[in-house]
Amino acid sequence: MNRLALFDCDGTLVDSQANICRAMEGAFGGAGLAAPDRAAIRRIVGLNLVEAMRVLVPDGDGALHLRLADDYKRVFQGLRHDGLVEEPLFDGIAEVLTALADAGWLLGVATGKSDRGLALCLEHHGIASAFVTLQTADRHPSKPHPAMAALAMAEAGASPETTVMIGDTSFDMLMAKAAGAHAVGVDWGYHDAAELIAAGAGVVLASPAALPTHLETLA
């Protein structure tokens, strides 16, 4: 079976928290609601938008959650149109992707981003061609449901035993465990190491450079 390194995007490949917080604040302001604090916003990164709104506004109804999700998309698109979206790769990520591919790993992404948002992000950094499977919130239930991981494995010809999910949130780790894959946490994103371990991470790595060596011990 092929070996698959499946990456989360926001908080794992790229640092997008400033964009996410700005768009969330704009969406809430447009609905006449006080925006959640930025710590609360960072905690929902990785969920699909409607599920994120349910977490942020637990007393709201479904119509409000849908409106906020739509408004978030509109605000984010406006930020992108105005050239205000910045999603820098974390230091060392580009080199890690090359090293893993050279070692025979297939690469994929499983993210709460939309198809369009992910494509723009990967193309901007010139890394879109590195990935053989791209799974987004447009076509799957929200993490931690295992659907993204399951389809990624099927498209890559990998098994759970030869797949490693790499992410920065508990949602990523729970998805990996639900899919039967290895779960590797990273501590440069949005959930802390203790949460990642509690959610099933076998290890939490401190830098991208540690990934290639550690993955070789797993699959």
Side-chain angles (χ1 to χ4, degrees), residues 1-14 16 20 42-56 58 62 65 69 93 96-97 100 105-119 121-122 128 130-205 211 214-219:
M1 287 293 238
N2 292 324
R3 300 189 300 173
L4 174 64
L6 186 61
F7 287 84
D8 172 54
C9 188
D10 296 313
T12 302
L13 294 176
V14 300
S16 51
I20 292 168
R42 285 191 292 270
R43 292 202 54 75
I44 56 78
V45 175
L47 298 175
N48 71 27
L49 284 174
V50 174
E51 184 61 26
M53 300 309 179
R54 288 194 188 107
V55 173
L56 292 172
H65 298 148
I93 287 294
V96 163
L97 297 178
L100 290 174
W105 288 85
L106 298 181
L107 307 178
V109 178
T111 177
K113 282 184 177 296
S114 66
D115 285 333
R116 180 174 182 271
L118 178 61
C121 177
L122 299 182
F131 300 99
V132 302
T133 181
L134 300 173
Q135 308 302 327
T136 76
D138 283 347
R139 292 171 283 111
H140 294 285
S142 181
K143 296 175 183 177
H145 193 284
M148 286 190 199
L151 185 54
M153 290 187 285
E155 289 185 353
S159 69
E161 295 78 15
T162 61
T163 297
V164 182
M165 178 66 205
I166 301 147
D168 67 298
T169 71
S170 57
F171 314 125
D172 299 313
M173 303 300 98
L174 291 167
M175 180 180 71
K177 302 310 289 184
H182 301 282
V184 170
V186 302
D187 76 351
W188 54 85
Y190 306 140
H191 288 187
D192 64 34
E195 289 180 276
L196 299 177
I197 294 294
V203 67
V204 178
L205 300 178
L211 278 165
H214 183 72
L215 264 58
E216 289 299 325
T217 72
L218 298 179

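Quick note: residue numbers are just sequence positions, from 1.
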Pairwise distance [atom1]([X]) to [atom2]([Y]) - rounded to 0.5 angstrom:
| X | Y | atom1 | atom2 | value |
| --- | --- | --- | --- | --- |
| Asp187 | Glu195 | CG | CD | 12.5 Å |
| Asp10 | Arg42 | CG | CZ | 13.5 Å |
| Leu13 | Ile93 | CG | CD1 | 5.5 Å |
| Asp168 | Leu196 | CG | CG | 7.5 Å |
| Met173 | His182 | CE | NE2 | 13.0 Å |
| Thr133 | Leu106 | OG1 | CG | 10.0 Å |

Looking only at non-hydrogen atoms, find the nearest pair between [X] and [Y] and report the distance.
| X | Y | result |
| --- | --- | --- |
| Thr163 | Ala181 | O-CB, 3.5 Å |
| Pro144 | Leu174 | CB-CB, 3.5 Å |
| Gly11 | Ser16 | N-OG, 4.4 Å |
| Gly108 | Leu4 | N-CD1, 3.9 Å |
| Tyr190 | Val14 | OH-O, 4.2 Å |
| Lys113 | Cys9 | CE-SG, 3.7 Å |

**Prompt:** Any chance the side chains of Ser114 and Asp138 put a donor and an acceptor closer than 3.5 Å?
**Reply:** no
**Any donor-acceptor N or O pair under 3.5 Å, side chains Ser142, Glu51** = no
**Worked check of side chain to side chain contact (heavy atoms under 4.5 Å, CB included) between Leu218 and Val184** = CA-CA 10 Å; Leu218 298 179; Val184 170; 3.7 Å; yes
**Residues forming a side-chain hydrogen bond (donor to acceptor under 3.5 Å, both in side chains) with Glu216, sequence neighbours excluded** = Arg3, Trp105
**Item:** Identified side chain to side chain contact (heavy atoms under 4.5 Å, CB included) partner of Val45 from the options Asp8, Ile20, Thr111, Thr12
**Value:** Ile20
**Message:** If we check side chain to side chain contact (heavy atoms under 4.5 Å, CB included) with Met148, which of these qualifies: Met153, His140, Arg139?
**Reply:** His140
**Request:** Taking the side chain as every heavy atom from C-beta outward, state whether Phe7 and Leu107 have any atom pair closer than 4.5 Å.
**Result:** yes
**Asked** Taking the side chain as C-beta and beyond, is there a heavy-atom pair between Asn2 and Val132 under 4.5 Å?
**Response** no
**Message:** Quick one, Met165 with Met175, criterion side chain to side chain contact (heavy atoms under 4.5 Å, CB included). Give me CA distance, side-chain angles, the key distance, then yes/no.
**Reply:** CA-CA 8 Å; Met165 178 66 205; Met175 180 180 71; 3.6 Å; yes
**Request:** Report the C-alpha separation of Ile166 and Val186 in whole Å, then their side-chain angles, then the decisive distance to 0.1 Å, and conclude whether the side chain to side chain contact (heavy atoms under 4.5 Å, CB included) test is met.
**Result:** CA-CA 7 Å; Ile166 301 147; Val186 302; 3.8 Å; yes
**Request:** Start with the C-alpha distance between Leu6 and Gln135, add both sets of side-chain angles, then the distance that settles side chain to side chain contact (heavy atoms under 4.5 Å, CB included), and finish with yes or no.
**Result:** CA-CA 10 Å; Leu6 186 61; Gln135 308 302 327; 5.5 Å; no
**Fill in**
Hits for ring pair (Phe, Tyr, Trp, His ring centres under 6.0 Å) against His191, two or more places apart or cross-chain, chain-then-number order -> Phe171
